[in-house]
Amino acid sequence: MKKIIILLIIGSAFSCKNTQSVVSKDNSDPSKYIKLISEKDLKTMLYVVASDEMEGRETGSKGQKKAGLYMIEQYKKSGVSFPKGATDYYQHIPAAFLNAKRNENLPDSENIWAYIEGSEKPDEVLVISAHYDHVGIKKGEVYNGADDDGSGTVAVIEMAKAFAKAKKDGHGPKRSILFLHVTGEEHGLHGSRYYSENPLFTIANTIADINIDMIGRRDVEHAQTNNYVYVIGADRLSTDLHNIVVAQNEKYTKIDLDFKFNDPKDPNHFYERSDHYNFAKFGIPAVFFFNGVHEDYHQKGDEPQKIEYDALTKRTQLAFSVAWDLANRENRPVVDKK
């Protein structure tokens with residue numbers, strides 16, 4: 001009888017321990033990790049990514065590859081590895097693909113990816129994207145692209161750092177997150193098109209894309225304040241995604257959300273002009289954060305000293321809070337529109 005009782009106690013203890021291991025973590029409040037999005041770190045990284053040393057990060061160039069190595073170094077420092085199923089931080093893209101549509105004589109290039117696996121729904125993947133290419137050197141002048149899209153590039157890296165710290169603290173995302181830096185955006189959204197057509201993770205299991213392209217400056221429409229961001233595309237496929245963006249902003253960042261460019265009739269058609277679009281084409285809910293164009297858009301004056309780092313930080317914090325919700329909510333956002 002004693003042996004039976006002891007075995008029952010051991011079995012009960014094991015069962016309790018096993019049950020505890022699958023109990024869902026309380027990830028309802030990201031406040032601690034939002035505060036880890038650091039203005040200082042964003043500035044430090046951007047002064048490297050958008051330096052003359054990177055030679056304007058033209059697609060496939062030595063300068064772009066050098067910037068990529070720096071970015072990978074940041075991920076390694078944060079303990080964020082390359083994705084499950086990949087052999088390194090690169091998704092290689094052949095020149096034949098990059099030149100198939102416009103034949104611009106581009107060399108081979110690569111997307112850069114990093115990854116945090118989800119603790120409860122690892123097969124469901126949130127993509128956070130930004131392009132890291134720019135337009136290179138023109139007439140001997142380096143076009144550094146600090147805002148376009150150095151700002152988005154460092155924002156994604158900083159968000160990954162915060163998620164990595166949360167995971168270390170036992171509050172890792174419940175869904176997996178792919179941090180995706182795409183190449184060839186300036187030549188026609190080639191890198192994101194390549195990933196969407198050759199995904200590492202099944203597109204059907206991709207729950208949403210958060211795309212960040214130019215979030216470090218202000219436009220003429222907001223000359224008096226930088227406490228805003230344009231939100232584009234969130235409601236095009238999913239009412240849920242739109243509501244998440246609005247709710248997270250109301251809770252944590254309180255930025256003025258400007259939906260002007262979300263109008264399908266807007267002549268700028270920004271919805272079709274950045275990398276989220278290649279996810280949306282496959283029915284993936286996507287949101288694009290953007291500060292609008294300014295006098296240095298695609299000009300040599302797009303330099304890191306002109307970035308408004310307080311605005312860059314706050315917009316990154318908004319994107320992070322939206323990502324946190326998407327990665328941890330019970331259900332993925334419903335696609336209820338076409």
Side-chain angles (χ1 to χ4, degrees), residues 16-38 41-42 74-75 77-84 113-130 155-180 201-202 205-212 229 231 234 238-255 257 279 284-287 289 313-335:
C16 289
K17 184 178 179 182
N18 198 46
T19 302
Q20 287 172 357
S21 69
V22 298
V23 169
S24 181
K25 292 282 186 181
D26 180 9
N27 284 356
S28 58
D29 184 5
S31 299
K32 174 181 176 181
Y33 302 103
I34 291 173
K35 292 173 184 175
L36 296 179
I37 304 295
S38 161
D41 289 349
L42 288 165
Q74 302 314 301
Y75 282 114
K77 284 181 179 178
S78 300
V80 182
S81 186
F82 51 82
K84 182 179 180 180
W113 51 24
Y115 175 76
I116 295 177
E117 187 169 43
S119 60
E120 294 181 22
K121 300 179 179 182
D123 292 337
E124 294 188 8
V125 181
L126 168 66
V127 176
I128 305 175
S129 60
V156 173
I157 296 170
E158 189 71 2
M159 290 166 66
K161 288 181 182 180
F163 274 112
K165 180 62 167 68
K167 184 169 184 176
K168 187 176 180 181
D169 291 348
H171 292 284
K174 296 177 182 180
R175 292 180 175 86
S176 298
I177 304 177
L178 179 68
F179 304 93
L180 183 64
F201 303 104
T202 309
N205 289 346
T206 302
I207 68 156
D209 172 49
I210 298 172
N211 186 50
I212 308 172
V229 70
V231 178
S238 174
T239 303
D240 279 348
L241 181 55
H242 171 83
N243 290 341
I244 289 165
V245 172
V246 171
Q248 294 303 99
N249 182 57
E250 287 177 354
K251 283 183 185 178
Y252 302 112
T253 43
K254 296 178 171 53
I255 296 173
L257 302 181
F279 291 91
I284 306 304
V287 59
F289 292 115
T313 304
K314 204 164 187 181
R315 292 162 182 161
T316 304
Q317 289 173 336
L318 170 61
F320 177 83
S321 70
V322 172
W324 183 279
D325 184 280
L326 287 167
N328 289 296
R329 65 180 19 247
E330 183 177 352
N331 299 311
R332 59 190 288 174
V334 174
V335 176

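Residue indices begin at 1 and follow the sequence shown.
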Side chains of [X] and [Y]: closer than 4.5 Å at any heavy-atom pair?
X	Y	result
F289	V245	yes
R329	I244	yes
T313	S38	no
V229	V231	yes
I116	P173	yes
I157	D41	no
T239	V334	no
K32	L36	no

So how far is it from [X] [atom1] to [Y] [atom2], rounded to the nearest 0.5 Å?
X	Y	atom1	atom2	answer
I177	I210	CD1	CD1	8.0 Å
K314	I34	NZ	CD1	11.5 Å
L241	I207	CG	CD1	9.0 Å
D169	K25	CG	NZ	10.0 Å
Q248	I255	CD	CD1	12.5 Å
S28	H171	OG	NE2	9.0 Å

List in chain and number order the residues that pass side-chain hydrogen bond (donor to acceptor under 3.5 Å, both in side chains) with [X], two or more places apart in sequence or in another chain; answer none if no residue qualifies.
X	result
S176	Y115
K174	S24
T253	N249

Is the backbone N or O of E250 less than 3.5 Å from a side-chain atom of K254, with the two atoms forming a donor-acceptor pair by type?
-> yes
Any donor-acceptor pair under 3.5 Å linking the side chain of S78 with the backbone of Q74?
-> yes
Please check if any side-chain donor atom of S31 sits under 3.5 Å from a side-chain acceptor atom of D29, or the reverse.
-> yes
Distance-minimising heavy-atom pair for [X] and [Y]:
X	Y	answer
G172	N27	O-ND2, 3.1 Å
A208	I284	CA-CG2, 3.7 Å
P83	W113	CD-CD1, 3.2 Å

May I ask you to check whether over 12 heavy atoms, not counting those of K35, lie within 6.0 Å of atom NZ?
-> no
Begin from the C-alpha positions of V80 and K161 and carry the test side chain to side chain contact (heavy atoms under 4.5 Å, CB included) through to its verdict.
-> CA-CA 8 Å; V80 182; K161 288 181 182 180; over 6 Å; no
Return the set of residues passing ring pair (Phe, Tyr, Trp, His ring centres under 6.0 Å) with W324 (not counting sequence neighbours), or none when no residue passes.
-> Y33, F163, F320
List for me each residue that meets ring pair (Phe, Tyr, Trp, His ring centres under 6.0 Å) alongside H242, sequence neighbours excluded, and say none if there are none.
-> F259
Name the atoms and distances for all side-chain donor-acceptor pairs under 3.5 Å in residues 121-130, with sequence neighbours left out.
unit_1: K121; atom_1: NZ; unit_2: E330; atom_2: O; d: 2.3
unit_1: E124; atom_1: OE1; unit_2: R175; atom_2: NE; d: 2.6
unit_1: E124; atom_1: OE1; unit_2: R175; atom_2: NH2; d: 3.4
unit_1: S129; atom_1: OG; unit_2: D209; atom_2: OD1; d: 2.9
unit_1: S129; atom_1: OG; unit_2: D209; atom_2: OD2; d: 3.3
unit_1: S129; atom_1: OG; unit_2: N211; atom_2: OD1; d: 2.8

Under the side chain to side chain contact (heavy atoms under 4.5 Å, CB included) criterion, do F201 and L178 qualify, and how do the steps go?
-> CA-CA 9 Å; F201 303 104; L178 179 68; 4.2 Å; yes
